[in-house]
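Remember, it's a predicted structure, so these values are computed and weren't measured experimentally.
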Amino acid sequence: NARLTAACNRCQRCLQACPYGIITPVPLADSLVAYGTPTLAFEQGCCDFCMKCVDACPTGALSYGGAHERDLGVALVVKDACVAWDWSGCTVCKDECPVEGAITLDDHDRPVVHPDFCDGCGRCEQVCPSSSLRAYDASVENKGIVVVSRASEAARAAGAVSSEELLAHLPELQELCCPETLALCSIDSTDLGPEHWLMMARAVQENYALYDGFIICHGTDTLAYSAAALSYLIQNADKPIILTGAQQPISNEITDAKKNLRDSVICALDSGSRGVMVVFGGHVIAGTRAKKNKTISYDAFASVNFPALALVQGDRLVRYVPSPWPTGPVEFGRALNPKVFLLKLTPGLSPELIPAIFQHYDCVIVESFGVGGIPQRLMDAFAEGLGDYDQTHKILILTTQVTYEGSDVGIYEVGKRVKNRFRFLEAHDMTIEAVITKVMWLLAQNCESFDQLQQRFYRQINFDTFYH
(Lines give C-alpha, C1' and ligand atoms only; values in the text may rest on other atoms or scores of the structure.)
Protein backbone atom coordinates (compact mmCIF):
# COMPACT_ATOMS: atom_id res chain seq x y z
CA ASN A 1 0.00 0.00 0.00
CA ALA A 2 1.69 3.16 -1.22
CA ARG A 3 -0.09 5.48 1.23
CA LEU A 4 0.89 3.29 4.18
CA THR A 5 4.51 3.10 3.01
CA ALA A 6 4.72 6.88 2.76
CA ALA A 7 3.03 7.61 6.12
CA CYS A 8 4.45 4.83 8.32
CA ASN A 9 7.31 5.80 10.67
CA ARG A 10 8.23 2.13 11.40
CA CYS A 11 7.49 2.44 15.14
CA GLN A 12 5.98 -1.09 15.23
CA ARG A 13 3.33 -0.15 17.78
CA CYS A 14 0.74 -1.94 15.64
CA LEU A 15 2.74 -5.16 16.01
CA GLN A 16 2.64 -4.82 19.77
CA ALA A 17 -1.07 -4.03 19.78
CA CYS A 18 -2.23 -6.99 17.66
CA PRO A 19 -3.70 -9.63 20.00
CA TYR A 20 -3.23 -12.42 17.45
CA GLY A 21 0.39 -11.79 16.44
CA ILE A 22 -0.40 -11.66 12.72
CA ILE A 23 1.22 -8.25 12.05
CA THR A 24 4.88 -8.48 11.12
CA PRO A 25 7.36 -6.00 9.60
CA VAL A 26 8.21 -6.29 5.90
CA PRO A 27 11.72 -7.79 5.70
CA LEU A 28 14.50 -5.99 3.83
CA ALA A 29 14.81 -8.90 1.40
CA ASP A 30 11.23 -8.36 0.25
CA SER A 31 11.32 -4.60 -0.31
CA LEU A 32 13.78 -1.79 0.20
CA VAL A 33 10.96 0.75 0.05
CA ALA A 34 8.47 -0.95 2.36
CA TYR A 35 11.10 -2.32 4.76
CA GLY A 36 9.81 -2.17 8.35
CA THR A 37 6.22 -1.34 7.48
CA PRO A 38 3.49 -3.66 8.76
CA THR A 39 2.27 -6.61 6.74
CA LEU A 40 0.10 -9.58 7.65
CA ALA A 41 1.14 -13.20 8.15
CA PHE A 42 -1.69 -15.62 8.74
CA GLU A 43 0.23 -18.74 9.78
CA GLN A 44 -0.82 -18.45 13.43
CA GLY A 45 -4.10 -16.57 13.25
CA CYS A 46 -6.45 -14.35 11.31
CA CYS A 47 -7.88 -10.85 11.62
CA ASP A 48 -11.20 -10.16 13.34
CA PHE A 49 -10.99 -6.40 12.62
CA CYS A 50 -10.67 -5.41 16.26
CA MET A 51 -8.88 -2.22 15.09
CA LYS A 52 -6.39 -2.20 17.97
CA CYS A 53 -3.60 -1.69 15.45
CA VAL A 54 -5.36 1.40 14.08
CA ASP A 55 -5.84 2.84 17.54
CA ALA A 56 -2.14 2.33 18.30
CA CYS A 57 -0.86 3.97 15.09
CA PRO A 58 0.52 7.48 15.86
CA THR A 59 0.82 8.71 12.25
CA GLY A 60 -2.47 7.73 10.63
CA ALA A 61 -0.74 5.26 8.31
CA LEU A 62 -3.30 2.79 9.59
CA SER A 63 -6.75 4.36 9.67
CA TYR A 64 -10.41 3.55 9.78
CA GLY A 65 -11.61 2.88 6.26
CA GLY A 66 -15.29 3.78 6.39
CA ALA A 67 -17.30 1.75 3.91
CA HIS A 68 -14.24 -0.40 3.10
CA GLU A 69 -13.05 -0.87 6.66
CA ARG A 70 -13.33 -4.65 6.51
CA ASP A 71 -11.10 -5.05 3.47
CA LEU A 72 -7.53 -6.27 3.94
CA GLY A 73 -7.25 -7.78 0.46
CA VAL A 74 -8.64 -10.75 -1.39
CA ALA A 75 -8.00 -14.49 -1.19
CA LEU A 76 -6.25 -16.10 -4.17
CA VAL A 77 -6.36 -19.84 -4.89
CA VAL A 78 -2.86 -21.14 -5.72
CA LYS A 79 -3.87 -23.91 -8.08
CA ASP A 80 -0.43 -25.55 -8.17
CA ALA A 81 -0.51 -25.98 -4.40
CA CYS A 82 -4.22 -26.45 -3.68
CA VAL A 83 -5.03 -30.08 -2.90
CA ALA A 84 -8.56 -29.77 -4.25
CA TRP A 85 -7.22 -28.85 -7.69
CA ASP A 86 -5.39 -32.21 -7.87
CA TRP A 87 -8.08 -34.35 -6.32
CA SER A 88 -11.38 -33.57 -4.62
CA GLY A 89 -11.99 -33.95 -0.91
CA CYS A 90 -10.47 -30.83 0.72
CA THR A 91 -12.99 -28.08 1.43
CA VAL A 92 -11.40 -26.65 4.58
CA CYS A 93 -11.12 -23.06 3.32
CA LYS A 94 -14.77 -22.95 2.28
CA ASP A 95 -15.94 -24.60 5.51
CA GLU A 96 -13.93 -22.25 7.74
CA CYS A 97 -14.60 -19.00 5.87
CA PRO A 98 -16.50 -16.63 8.21
CA VAL A 99 -18.02 -14.61 5.34
CA GLU A 100 -20.96 -16.25 3.62
CA GLY A 101 -20.50 -16.42 -0.13
CA ALA A 102 -16.84 -15.41 -0.15
CA ILE A 103 -15.69 -18.94 -1.04
CA THR A 104 -17.84 -21.46 -2.90
CA LEU A 105 -17.11 -24.76 -4.67
CA ASP A 106 -17.26 -25.37 -8.40
CA ASP A 107 -18.72 -28.47 -10.07
CA HIS A 108 -15.55 -30.40 -9.13
CA ASP A 109 -15.60 -29.29 -5.48
CA ARG A 110 -12.70 -26.89 -5.99
CA PRO A 111 -12.64 -23.54 -4.15
CA VAL A 112 -13.66 -20.39 -5.99
CA VAL A 113 -13.14 -16.96 -4.37
CA HIS A 114 -15.69 -14.20 -4.90
CA PRO A 115 -13.77 -10.91 -4.45
CA ASP A 116 -16.90 -8.81 -3.86
CA PHE A 117 -17.58 -10.77 -0.63
CA CYS A 118 -14.04 -11.58 0.55
CA ASP A 119 -12.65 -9.21 3.21
CA GLY A 120 -9.12 -10.68 3.32
CA CYS A 121 -9.36 -11.75 6.98
CA GLY A 122 -6.88 -14.60 6.38
CA ARG A 123 -8.85 -17.40 7.99
CA CYS A 124 -8.66 -19.48 4.82
CA GLU A 125 -4.87 -19.11 4.61
CA GLN A 126 -4.48 -19.94 8.30
CA VAL A 127 -6.40 -23.22 8.13
CA CYS A 128 -5.27 -24.39 4.66
CA PRO A 129 -3.71 -27.86 5.15
CA SER A 130 -1.99 -27.97 1.76
CA SER A 131 1.60 -27.71 2.97
CA SER A 132 1.16 -30.53 5.48
CA LEU A 133 -0.82 -32.73 3.10
CA ARG A 134 1.83 -32.25 0.45
CA ALA A 135 4.80 -32.70 2.79
CA TYR A 136 6.03 -35.47 0.50
CA ASP A 137 6.54 -32.95 -2.31
CA ALA A 138 9.40 -30.53 -1.52
CA SER A 139 8.62 -28.45 -4.61
CA VAL A 140 5.35 -27.23 -3.10
CA GLU A 141 5.92 -24.61 -0.40
CA ASN A 142 2.84 -22.44 -0.73
CA LYS A 143 -0.49 -22.66 0.92
CA GLY A 144 -3.29 -23.62 -1.42
CA ILE A 145 -4.96 -20.27 -0.78
CA VAL A 146 -3.36 -16.97 0.25
CA VAL A 147 -4.48 -13.38 0.82
CA VAL A 148 -3.03 -10.76 -1.53
CA SER A 149 -3.67 -7.05 -2.04
CA ARG A 150 -6.47 -6.22 -4.43
CA ALA A 151 -4.13 -4.04 -6.49
CA SER A 152 -1.62 -6.86 -7.05
CA GLU A 153 -4.34 -9.33 -7.91
CA ALA A 154 -5.90 -6.89 -10.36
CA ALA A 155 -2.51 -6.37 -11.98
CA ARG A 156 -1.91 -10.13 -12.18
CA ALA A 157 -5.31 -10.67 -13.77
CA ALA A 158 -4.60 -7.93 -16.30
CA GLY A 159 -1.26 -9.51 -17.25
CA ALA A 160 1.05 -6.87 -15.76
CA VAL A 161 4.72 -7.35 -16.60
CA SER A 162 7.17 -7.80 -13.73
CA SER A 163 10.41 -5.83 -13.63
CA GLU A 164 12.41 -9.00 -14.36
CA GLU A 165 10.22 -9.76 -17.39
CA LEU A 166 10.69 -6.19 -18.55
CA LEU A 167 14.48 -6.55 -18.64
CA ALA A 168 14.20 -9.96 -20.32
CA HIS A 169 12.78 -8.23 -23.40
CA LEU A 170 15.99 -6.18 -23.72
CA PRO A 171 18.93 -8.47 -22.87
CA GLU A 172 21.30 -6.08 -24.69
CA LEU A 173 20.97 -3.65 -21.77
CA GLN A 174 23.39 -5.86 -19.87
CA GLU A 175 26.08 -4.74 -22.32
CA LEU A 176 25.42 -1.06 -21.56
CA CYS A 177 25.04 -1.08 -17.78
CA CYS A 178 24.37 -3.23 -14.73
CA PRO A 179 20.60 -2.89 -14.32
CA GLU A 180 18.83 -3.86 -11.12
CA THR A 181 15.07 -3.71 -10.66
CA LEU A 182 12.63 -2.83 -7.90
CA ALA A 183 8.88 -3.23 -8.29
CA LEU A 184 7.18 -0.36 -6.47
CA CYS A 185 3.61 -1.09 -7.53
CA SER A 186 1.65 -2.61 -10.40
CA ILE A 187 -1.38 -0.43 -10.98
CA ASP A 188 -2.82 1.55 -13.84
CA SER A 189 -1.33 5.04 -13.85
CA THR A 190 -4.86 6.46 -13.72
CA ASP A 191 -5.03 5.18 -10.14
CA LEU A 192 -1.83 6.99 -9.08
CA GLY A 193 -2.01 9.77 -6.51
CA PRO A 194 0.26 11.96 -4.35
CA GLU A 195 0.98 9.00 -2.07
CA HIS A 196 2.61 7.20 -5.00
CA TRP A 197 4.76 10.23 -5.86
CA LEU A 198 6.01 10.23 -2.27
CA MET A 199 6.69 6.52 -2.53
CA MET A 200 8.74 7.02 -5.71
CA ALA A 201 10.73 9.81 -4.11
CA ARG A 202 11.37 7.72 -1.05
CA ALA A 203 12.55 4.79 -3.18
CA VAL A 204 15.07 7.03 -4.93
CA GLN A 205 16.19 8.49 -1.59
CA GLU A 206 16.75 5.10 0.02
CA ASN A 207 18.79 3.89 -2.96
CA TYR A 208 20.43 7.16 -3.99
CA ALA A 209 23.93 6.25 -2.81
CA LEU A 210 23.79 2.80 -4.38
CA TYR A 211 23.20 3.62 -8.05
CA ASP A 212 24.38 6.04 -10.74
CA GLY A 213 20.89 6.69 -12.12
CA PHE A 214 17.23 5.77 -11.86
CA ILE A 215 14.66 4.88 -14.54
CA ILE A 216 11.00 4.74 -13.52
CA CYS A 217 8.76 2.79 -15.90
CA HIS A 218 5.36 4.44 -15.74
CA GLY A 219 1.98 4.41 -17.46
CA THR A 220 1.61 7.27 -19.89
CA ASP A 221 -1.71 8.73 -18.68
CA THR A 222 -0.32 10.44 -15.57
CA LEU A 223 3.40 10.27 -16.34
CA ALA A 224 3.66 14.05 -16.76
CA TYR A 225 2.14 14.62 -13.31
CA SER A 226 4.60 12.20 -11.71
CA ALA A 227 7.56 13.78 -13.50
CA ALA A 228 6.53 17.24 -12.30
CA ALA A 229 5.91 16.03 -8.75
CA LEU A 230 9.30 14.33 -8.55
CA SER A 231 10.93 17.52 -9.84
CA TYR A 232 9.80 19.23 -6.63
CA LEU A 233 10.26 16.26 -4.30
CA ILE A 234 13.83 15.58 -5.51
CA GLN A 235 15.94 18.71 -5.97
CA ASN A 236 19.66 19.28 -6.54
CA ALA A 237 20.07 15.72 -7.82
CA ASP A 238 23.46 15.10 -9.41
CA LYS A 239 22.17 11.87 -10.95
CA PRO A 240 19.56 11.25 -13.68
CA ILE A 241 16.04 10.32 -12.60
CA ILE A 242 14.19 9.37 -15.76
CA LEU A 243 10.53 8.53 -16.31
CA THR A 244 9.50 6.62 -19.41
CA GLY A 245 6.66 4.45 -20.66
CA ALA A 246 5.11 3.22 -23.86
CA GLN A 247 1.99 3.41 -25.98
CA GLN A 248 2.16 -0.34 -26.67
CA PRO A 249 3.14 -3.15 -24.23
CA ILE A 250 6.72 -4.37 -24.43
CA SER A 251 5.48 -7.90 -25.12
CA ASN A 252 3.79 -6.84 -28.37
CA GLU A 253 5.52 -7.60 -31.66
CA ILE A 254 5.21 -3.94 -32.64
CA THR A 255 5.96 -1.69 -29.66
CA ASP A 256 7.66 1.53 -28.72
CA ALA A 257 8.51 0.24 -25.25
CA LYS A 258 11.89 -1.25 -26.15
CA LYS A 259 13.10 1.93 -27.83
CA ASN A 260 11.91 4.16 -24.99
CA LEU A 261 13.56 1.98 -22.36
CA ARG A 262 16.80 1.74 -24.30
CA ASP A 263 16.78 5.50 -24.98
CA SER A 264 16.32 6.05 -21.25
CA VAL A 265 19.44 4.01 -20.52
CA ILE A 266 21.42 5.95 -23.16
CA CYS A 267 20.29 9.20 -21.54
CA ALA A 268 21.08 7.96 -18.03
CA LEU A 269 24.60 6.95 -19.09
CA ASP A 270 25.40 10.44 -20.41
CA SER A 271 27.63 12.36 -18.03
CA GLY A 272 25.59 15.53 -18.54
CA SER A 273 22.29 14.02 -17.41
CA ARG A 274 21.07 15.23 -14.01
CA GLY A 275 17.71 15.72 -12.34
CA VAL A 276 14.21 14.58 -13.28
CA MET A 277 13.50 14.02 -16.98
CA VAL A 278 11.04 12.30 -19.29
CA VAL A 279 12.43 10.20 -22.15
CA PHE A 280 9.84 9.32 -24.76
CA GLY A 281 9.82 8.98 -28.54
CA GLY A 282 13.51 9.88 -28.73
CA HIS A 283 13.04 13.21 -26.91
CA VAL A 284 14.46 14.13 -23.50
CA ILE A 285 12.12 16.55 -21.74
CA ALA A 286 12.51 18.41 -18.45
CA GLY A 287 10.29 16.84 -15.79
CA THR A 288 8.27 20.04 -15.35
CA ARG A 289 7.70 20.63 -19.07
CA ALA A 290 6.33 17.30 -20.29
CA LYS A 291 2.74 16.95 -21.42
CA LYS A 292 0.96 14.04 -23.06
CA ASN A 293 -0.67 15.51 -26.16
CA LYS A 294 -1.43 12.38 -28.20
CA THR A 295 -3.38 9.31 -27.13
CA ILE A 296 -2.17 6.77 -29.71
CA SER A 297 0.92 8.02 -31.58
CA TYR A 298 4.40 7.06 -30.42
CA ASP A 299 5.47 10.72 -30.15
CA ALA A 300 2.94 11.14 -27.36
CA PHE A 301 4.79 13.72 -25.25
CA ALA A 302 5.77 17.29 -26.01
CA SER A 303 7.93 19.82 -24.20
CA VAL A 304 5.63 22.77 -23.52
CA ASN A 305 6.93 26.37 -23.67
CA PHE A 306 10.51 25.13 -23.45
CA PRO A 307 12.81 23.23 -25.85
CA ALA A 308 13.56 19.54 -25.38
CA LEU A 309 16.74 19.02 -23.38
CA ALA A 310 18.18 16.47 -25.80
CA LEU A 311 17.46 13.98 -28.57
CA VAL A 312 18.46 10.31 -28.53
CA GLN A 313 19.72 9.09 -31.92
CA GLY A 314 20.70 5.43 -31.75
CA ASP A 315 23.53 5.16 -29.21
CA ARG A 316 24.16 8.90 -29.28
CA LEU A 317 22.59 11.65 -27.19
CA VAL A 318 22.46 15.09 -28.82
CA ARG A 319 22.09 17.67 -26.06
CA TYR A 320 20.47 21.04 -26.68
CA VAL A 321 20.06 22.37 -23.14
CA PRO A 322 22.63 21.58 -20.42
CA SER A 323 21.28 20.15 -17.19
CA PRO A 324 21.90 22.66 -14.37
CA TRP A 325 24.52 21.81 -11.79
CA PRO A 326 23.26 21.27 -8.24
CA THR A 327 23.49 24.30 -5.96
CA GLY A 328 23.83 22.11 -2.86
CA PRO A 329 23.32 18.56 -1.62
CA VAL A 330 20.37 16.59 -2.96
CA GLU A 331 17.11 17.36 -1.15
CA PHE A 332 14.12 15.03 -0.79
CA GLY A 333 10.63 16.22 0.06
CA ARG A 334 8.47 14.10 2.32
CA ALA A 335 5.06 15.77 2.18
CA LEU A 336 2.41 16.97 -0.27
CA ASN A 337 -0.95 18.61 0.36
CA PRO A 338 -3.45 17.15 -2.13
CA LYS A 339 -6.19 19.73 -1.43
CA VAL A 340 -5.81 21.34 -4.84
CA PHE A 341 -8.72 21.75 -7.27
CA LEU A 342 -8.52 22.44 -11.00
CA LEU A 343 -11.52 24.42 -12.30
CA LYS A 344 -11.93 24.71 -16.05
CA LEU A 345 -14.07 27.72 -16.93
CA THR A 346 -16.86 27.20 -19.44
CA PRO A 347 -19.28 29.81 -20.81
CA GLY A 348 -22.29 30.04 -18.49
CA LEU A 349 -20.62 28.38 -15.49
CA SER A 350 -22.78 28.83 -12.38
CA PRO A 351 -21.19 30.84 -9.53
CA GLU A 352 -22.95 28.75 -6.87
CA LEU A 353 -20.39 25.95 -6.74
CA ILE A 354 -17.29 28.17 -6.35
CA PRO A 355 -17.60 28.96 -2.59
CA ALA A 356 -18.29 25.25 -1.97
CA ILE A 357 -15.09 24.31 -3.80
CA PHE A 358 -13.05 26.66 -1.60
CA GLN A 359 -14.59 25.05 1.49
CA HIS A 360 -13.05 21.70 0.57
CA TYR A 361 -9.78 22.77 -1.05
CA ASP A 362 -6.87 24.98 0.00
CA CYS A 363 -6.04 26.01 -3.55
CA VAL A 364 -8.19 26.48 -6.64
CA ILE A 365 -6.46 26.64 -10.01
CA VAL A 366 -8.61 28.30 -12.64
CA GLU A 367 -8.10 27.39 -16.29
CA SER A 368 -9.41 30.55 -17.89
CA PHE A 369 -9.98 31.60 -21.48
CA GLY A 370 -7.18 33.03 -23.62
CA VAL A 371 -4.45 34.85 -21.72
CA GLY A 372 -6.50 34.77 -18.52
CA GLY A 373 -9.34 36.43 -16.64
CA ILE A 374 -12.56 35.72 -14.76
CA PRO A 375 -16.08 36.45 -16.05
CA GLN A 376 -17.80 39.32 -14.23
CA ARG A 377 -20.66 37.13 -13.00
CA LEU A 378 -18.18 34.92 -11.10
CA MET A 379 -16.20 37.67 -9.36
CA ASP A 380 -18.33 37.87 -6.21
CA ALA A 381 -18.34 34.09 -5.84
CA PHE A 382 -14.54 33.98 -5.99
CA ALA A 383 -14.35 36.84 -3.47
CA GLU A 384 -16.60 34.91 -1.08
CA GLY A 385 -14.67 31.67 -1.42
CA LEU A 386 -11.18 33.17 -1.39
CA GLY A 387 -11.55 35.60 1.49
CA ASP A 388 -8.46 37.23 2.99
CA TYR A 389 -5.36 35.03 2.79
CA ASP A 390 -4.14 35.96 6.27
CA GLN A 391 -7.36 34.51 7.68
CA THR A 392 -8.35 31.72 5.27
CA HIS A 393 -4.99 30.73 3.72
CA LYS A 394 -6.92 29.98 0.54
CA ILE A 395 -5.03 30.36 -2.74
CA LEU A 396 -6.20 31.27 -6.23
CA ILE A 397 -3.99 30.50 -9.24
CA LEU A 398 -4.89 31.68 -12.74
CA THR A 399 -3.72 29.86 -15.84
CA THR A 400 -4.96 29.37 -19.38
CA GLN A 401 -6.75 26.58 -21.22
CA VAL A 402 -4.38 27.14 -24.14
CA THR A 403 -1.46 24.68 -24.12
CA TYR A 404 1.25 26.91 -25.53
CA GLU A 405 2.61 30.40 -24.81
CA GLY A 406 1.12 30.73 -21.33
CA SER A 407 -1.05 33.29 -19.55
CA ASP A 408 -0.77 37.06 -19.10
CA VAL A 409 -3.69 38.20 -16.98
CA GLY A 410 -2.93 41.92 -17.12
CA ILE A 411 -3.45 42.40 -20.86
CA TYR A 412 -7.23 42.77 -21.04
CA GLU A 413 -9.90 44.25 -18.78
CA VAL A 414 -11.19 40.80 -17.74
CA GLY A 415 -7.77 40.17 -16.20
CA LYS A 416 -7.10 43.66 -14.88
CA ARG A 417 -10.25 43.58 -12.73
CA VAL A 418 -8.99 40.36 -11.12
CA LYS A 419 -5.64 42.00 -10.37
CA ASN A 420 -7.39 44.98 -8.81
CA ARG A 421 -9.54 42.82 -6.50
CA PHE A 422 -7.70 39.63 -5.50
CA ARG A 423 -4.29 38.47 -4.41
CA PHE A 424 -3.52 35.53 -6.64
CA LEU A 425 -0.72 33.63 -8.33
CA GLU A 426 -0.38 33.27 -12.09
CA ALA A 427 0.99 30.23 -13.92
CA HIS A 428 2.44 32.22 -16.84
CA ASP A 429 4.50 29.70 -18.88
CA MET A 430 4.12 26.72 -16.53
CA THR A 431 2.33 23.50 -17.50
CA ILE A 432 -0.80 22.64 -15.56
CA GLU A 433 0.94 19.48 -14.29
CA ALA A 434 3.75 21.60 -12.87
CA VAL A 435 1.35 24.12 -11.32
CA ILE A 436 -0.70 21.43 -9.57
CA THR A 437 2.23 19.51 -8.14
CA LYS A 438 4.26 22.59 -7.22
CA VAL A 439 1.43 24.08 -5.18
CA MET A 440 0.85 20.69 -3.47
CA TRP A 441 4.50 20.78 -2.47
CA LEU A 442 4.33 24.42 -1.33
CA LEU A 443 1.13 23.93 0.68
CA ALA A 444 2.87 21.20 2.67
CA GLN A 445 5.57 23.72 3.68
CA ASN A 446 3.17 26.01 5.59
CA CYS A 447 4.32 29.34 4.18
CA GLU A 448 4.14 32.13 6.76
CA SER A 449 2.73 34.77 4.39
CA PHE A 450 1.34 35.23 0.91
CA ASP A 451 4.50 37.06 -0.07
CA GLN A 452 6.62 34.09 0.97
CA LEU A 453 4.32 31.72 -0.92
CA GLN A 454 4.54 33.93 -4.01
CA GLN A 455 8.32 34.10 -3.83
CA ARG A 456 8.64 30.32 -3.61
CA PHE A 457 6.06 29.72 -6.34
CA TYR A 458 7.98 31.83 -8.86
CA ARG A 459 11.39 30.39 -7.95
CA GLN A 460 12.56 28.33 -10.91
CA ILE A 461 12.90 24.60 -10.28
CA ASN A 462 13.96 22.24 -13.07
CA PHE A 463 13.14 24.77 -15.80
CA ASP A 464 9.49 25.01 -14.66
CA THR A 465 9.12 28.79 -15.22
CA PHE A 466 11.02 31.77 -16.58
CA TYR A 467 8.77 34.36 -14.99
CA HIS A 468 10.38 36.38 -12.20
Side-chain angles (χ1 to χ4, degrees), residues 1-3 5-6 33 150-152 154-155 158 160-161 163 166 182-204 214-234 241-250 256-257 260-261 264 275-281 283-304 333 335-344 361 363 365 367 399 401 403 427 430-441 443-444 461-462 464:
N1 183 298
R3 187 193 65 80
T5 300
V33 178
R150 291 188 183 272
S152 62
V161 179
S163 52
L166 195 68
L182 174 66
L184 290 181
C185 57
S186 295
I187 62 175
D188 193 292
S189 69
T190 299
D191 293 325
L192 285 177
E195 66 271 20
H196 297 93
W197 302 333
L198 291 168
M199 181 181 68
M200 294 177 202
R202 184 166 187 163
V204 173
F214 301 87
I215 298 174
I216 299 173
C217 296
H218 196 295
T220 59
D221 288 347
T222 58
L223 187 149
Y225 285 94
S226 295
L230 291 178
S231 295
Y232 302 116
L233 290 171
I234 308 174
I241 300 158
I242 296 170
L243 289 88
T244 192
Q247 295 286 69
Q248 295 292 329
I250 199 169
D256 57 331
N260 288 342
L261 184 55
S264 297
V276 179
M277 298 166 281
V278 172
V279 174
F280 209 99
H283 296 278
V284 181
I285 305 170
T288 60
R289 292 291 185 170
K291 179 179 284 290
K292 185 177 181 181
N293 63 351
K294 296 181 181 179
T295 59
I296 300 174
S297 303
Y298 287 172
D299 57 337
F301 285 82
S303 183
V304 174
L336 294 169
N337 182 340
K339 292 186 177 181
V340 177
F341 188 87
L342 177 62
L343 176 64
K344 189 183 187 75
Y361 293 89
C363 175
I365 302 168
E367 274 195 346
T399 185
Q401 298 177 15
T403 302
M430 295 174 67
T431 67
I432 194 62
E433 292 86 353
V435 174
I436 290 172
T437 53
K438 189 171 191 175
V439 77
M440 284 185 178
W441 170 69
L443 286 172
I461 298 173
N462 196 18
D464 63 348

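In this structure, the separation between CH2 on Trp197 and CG on Leu336 is 7.0 Å, given to the nearest 0.5 Å. Residue His196 holds its NE2 atom at 5.5 Å from CE of Met199, rounded to the nearest 0.5 Å. Put simply, CD1 on Ile436 and CD1 on Ile365 are 5.0 Å apart, with the number rounded to the nearest 0.5 Å. Taking NZ from Lys339 and OH from Tyr361, the interatomic distance works out to 10.0 Å, rounded to the nearest 0.5 Å. From Ile461, atom CD1 reaches atom CE of Met430 across 8.5 Å, with rounding to the nearest 0.5 Å. The OG atom of Ser231 lies 11.0 Å from the CZ atom of Arg289; values are rounded to the nearest 0.5 Å.
Counting heavy atoms from C-beta outward, Leu243 and Val276 have side chains that approach closer than 4.5 Å.
Here the closest heavy-atom approach between residue Leu230 and residue Ala201 is recorded as CD2-N, 3.8 Å. Scanning all heavy atoms of the two residues, the minimum distance from Pro194 to Pro338 falls at CG-CB, 3.9 Å.
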Steps toward side chain to side chain contact (heavy atoms under 4.5 Å, CB included) verdict (Leu192, His218): CA-CA 10 Å; Leu192 285 177; His218 196 295; 2.9 Å; yes

Working for side chain to side chain contact (heavy atoms under 4.5 Å, CB included), residues Cys363 and Leu443: CA-CA 9 Å; Cys363 175; Leu443 286 172; 4.1 Å; yes

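In this structure, the side chain of Asp256 engages the main chain of Gln248 through a donor-acceptor pair within 3.5 Å. Proximity of a side-chain donor or acceptor of Gln401 to a complementary backbone N or O of Glu367 within less than 3.5 Å is detected. No side-chain donor-acceptor contact under 3.5 Å links Asp464 to the backbone of Ala434. Judged purely by atom type and a 3.5 angstrom limit, Gln247 has no side-chain atom pairing as donor or acceptor with the backbone of Tyr298.
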